[in-house]
2 protein chains.
Amino acid sequence: MLRRTKKERQRLLSETIAENPFVTDEQLATRFQVSVQTIRLDRMELAIPELRERIKDVASKTYENEVKSLPIDEIIGEIIDIELDNRALSIFDVKEEHVFQRNGIARGHHLFAQANSLAVAVIDDELALTVHSNITFVKPVRAGDRVITKAIVIGRDENSHRTKVELTSTVNGETVFVGEFDMYRTKGEGEQQ
Amino acid sequence: MLRRTKKERQRLLSETIAENPFVTDEQLATRFQVSVQTIRLDRMELAIPELRERIKDVASKTYENEVKSLPIDEIIGEIIDIELDNRALSIFDVKEEHVFQRNGIARGHHLFAQANSLAVAVIDDELALTVHSNITFVKPVRAGDRVITKAIVIGRDENSHRTKVELTSTVNGETVFVGEFDMYRTKGEGEQQ
DNA sequence: GTTGTTATTAGCACTTGGTACTAATATCAG
DNA sequence: CTGATATTAGTACCAAGTGCTAATAACAAC
């Protein structure tokens with residue numbers, strides 16, 4: 001073959017597109033030093049859709065996964081179950097970049113972020129803001145741990161627009177984090193953090 | 001005017017597209033019983049981009065946010081002054097990626113992260129871990145705001161290895177966040193979050 | 001009613017990033 | 001050298017537009 005084998009090029013092509021779906025056939029042709037037609041034949045063999053379809057796929061994924069009060073991309077951790085104004089569950093896999101290098105323990109703010117995101121998501125409103133929270137880091141969490149966080153709505157006050165949410169995070173069944181969050185429901189325009 | 005006023009139609013048009021960016025001009029023309037050209041004039045006046053651009057926007061947002069979440073390393077915000085075991089000061093510039101798209105208000109966990117990082121940094125020890133914290137988001141923070149956070153060590157108990165730190169964040173002199181952090185001093189090996 | 005203004009519609013050329021298809025070459029292996 | 005595989009070129013066509021000009025339509029004011 002020419003520059004490399006066809007196989008090799010197609011392997012790289014798949015990778016490149018997976019990495020950056022926004023690339024056009026022409027850009028790919030330049031990068032791999034082949035004609036646009038070759039790229040198209042490759043895509044066909046590999047069953048890779050055209051640029052516009054790829055972009056649409058990415059876009060619609062975000063859209064589908066949208067839970068009423070918050071787009072999925074604003075959540076830390078993945079929501080696996082949600083019942084608005086009642087309870088929600090998310091998982092968050094702790095990786096190397098989340099821990100202190102010195103001792104391998106996860107930084108508190110990542111656990112807080114997961115809990116806070118979930119508290120926001122469980123509120124069935126345009127957008128909820130955290131007003132106050134009281135939290136305790138019960139046990140250290142390390143890289144590799146899978147943190148399962150549960151949010152339970154425990155109270156609601158219509159007058160003050162406040163909702164109380166109880167958060168509990170566990171790793172292998174052991175509680176690592178607990179918190180109580182006071183959330184403010186926004187009606188149109190927000191007021192608080 | 002015809003079916004309704006132009007204004008009314010444009011208002012509905014904005015809404016419709018905001019709700020479902022995947023709709024084409026032709027579909028919109030059918031829905032509003034006007035010609036495709038009218039829809040295009042409307043979009044121009046309202047500065048709404050074409051379908052493909054809208055979809056690309058949605059897609060690239062997911063893509064960006066996927067990489068982001070909470071910044072990886074060390075300290076959130078820049079420490080500009082520190083006096084170990086006494087006090088510390090950091091600044092954090094709130095950018096677009098830190099706020100809810102919906103209302104432009106910063107997500108709580110970014111402010112928490114800045115405060116938490118500073119609380120860890122101010123402790124003169126190998127490494128400190130947050131055990132407990134009680135925080136209040138006093139005022140909403142928005143993109144463009146420069147948050148100045150001050151940490152003051154207010155108490156220390158040698159027996160329990162605990163240190164209390166008081167955190168206050170301000171924007172233009174106005175308090176936006178306050179918190180009290182209970183920190184655990186690690187001697188070699190850590191125990192807590 | 002005529003005039004002026006704003007709103008709406010039509011039509012055409014052109015753009016991007018493709019698909020679908022045919023046909024001509026190139027390259028390599030046996 | 002021959003045949004299979006790979007690559008390139010070229011054409012017609014499509015969706016969903018932009019940009020532009022020009023013709024109507026609707027309504028308001030005088």
Notebook entry, point to check: Partners of A:Asp157 by salt bridge (Lys or Arg N to Asp or Glu O under 4.0 Å), sequence neighbours excluded?
Noted result: none
Checklist line | Non-neighbouring partners of A:Glu96 that pass side chain to side chain donor-acceptor pair (under 3.5 Å), sequence neighbours left out | finding: none
Checklist line | With sequence neighbours excluded, residues passing side chain to side chain donor-acceptor pair (under 3.5 Å) with B:Ser133 | finding: none
Item checked: Contact nearer the 5' end of DNA chain C, comparing A:Gln37 with B:Glu45 -> B:Glu45
What is the separation between atom [atom1] on [X] and atom [atom2] on [N], rounded to the nearest whole Å?
X       : N      : atom1 : atom2 : result
A:Leu41 : C:dC21 : CG    : C1'   : 11 Å
A:Lys7  : D:dT7  : NZ    : C1'   : 18 Å
A:Lys6  : C:dC28 : NZ    : C1'   : 14 Å
A:Ile39 : D:dT8  : CD1   : P     : 9 Å
A:Ile55 : D:dA16 : CD1   : P     : 15 Å
A:Asp42 : C:dT19 : CG    : P     : 12 Å
B:Ile17 : D:dG17 : CD1   : C1'   : 13 Å
A:Phe32 : D:dT8  : CZ    : P     : 13 Å

Check: For B:Ser117 and A:His109, which heavy atoms make the closest approach, and how far apart are they?
Finding: OG-CE1, 4.0 Å
Notebook entry, point to check: If you take all heavy atoms of B:Val120 and B:Ala128, which pair is closest and at what distance?
Noted result: CG1-O, 3.7 Å
Item checked: Hydrophobic cluster partners of A:Ile154 (side-chain heavy atoms under 4.5 Å) -> A:Ile152
Margin query: Just to verify, what does B:Asn134 make a side chain to side chain contact (heavy atoms under 4.5 Å, CB included) with, not counting sequence neighbours?
Written below: A:His132, A:Asn134
Next item on the list: Establish, with yes or no, whether the OP1 or OP2 oxygen of C:dA7 is under 4.0 angstrom from a side-chain nitrogen or oxygen of B:Arg9.
Entry: no
Next item on the list: Respond yes when some side-chain nitrogen or oxygen of A:Thr38 is under 4.0 Å from OP1 or OP2 of D:dT7, and no when none is.
Entry: no
Could I get a table of every N or O pair under 3.5 Å where one atom is in the protein and the other is in nucleotides 14-18 of chain C?
residue: C:dT16; atom: O2; partner: A:Arg52; partner atom: NH2; Å: 2.5
residue: C:dG17; atom: O4'; partner: A:Arg52; partner atom: NH2; Å: 3.0
residue: C:dG17; atom: N2; partner: A:Arg52; partner atom: NH1; Å: 3.2
residue: C:dG17; atom: N3; partner: A:Arg52; partner atom: NH1; Å: 2.9
residue: C:dG18; atom: OP1; partner: A:Leu51; partner atom: N; Å: 2.8
residue: C:dG18; atom: OP2; partner: A:Asp25; partner atom: N; Å: 3.0
residue: C:dG18; atom: O5'; partner: A:Asp25; partner atom: OD2; Å: 3.4

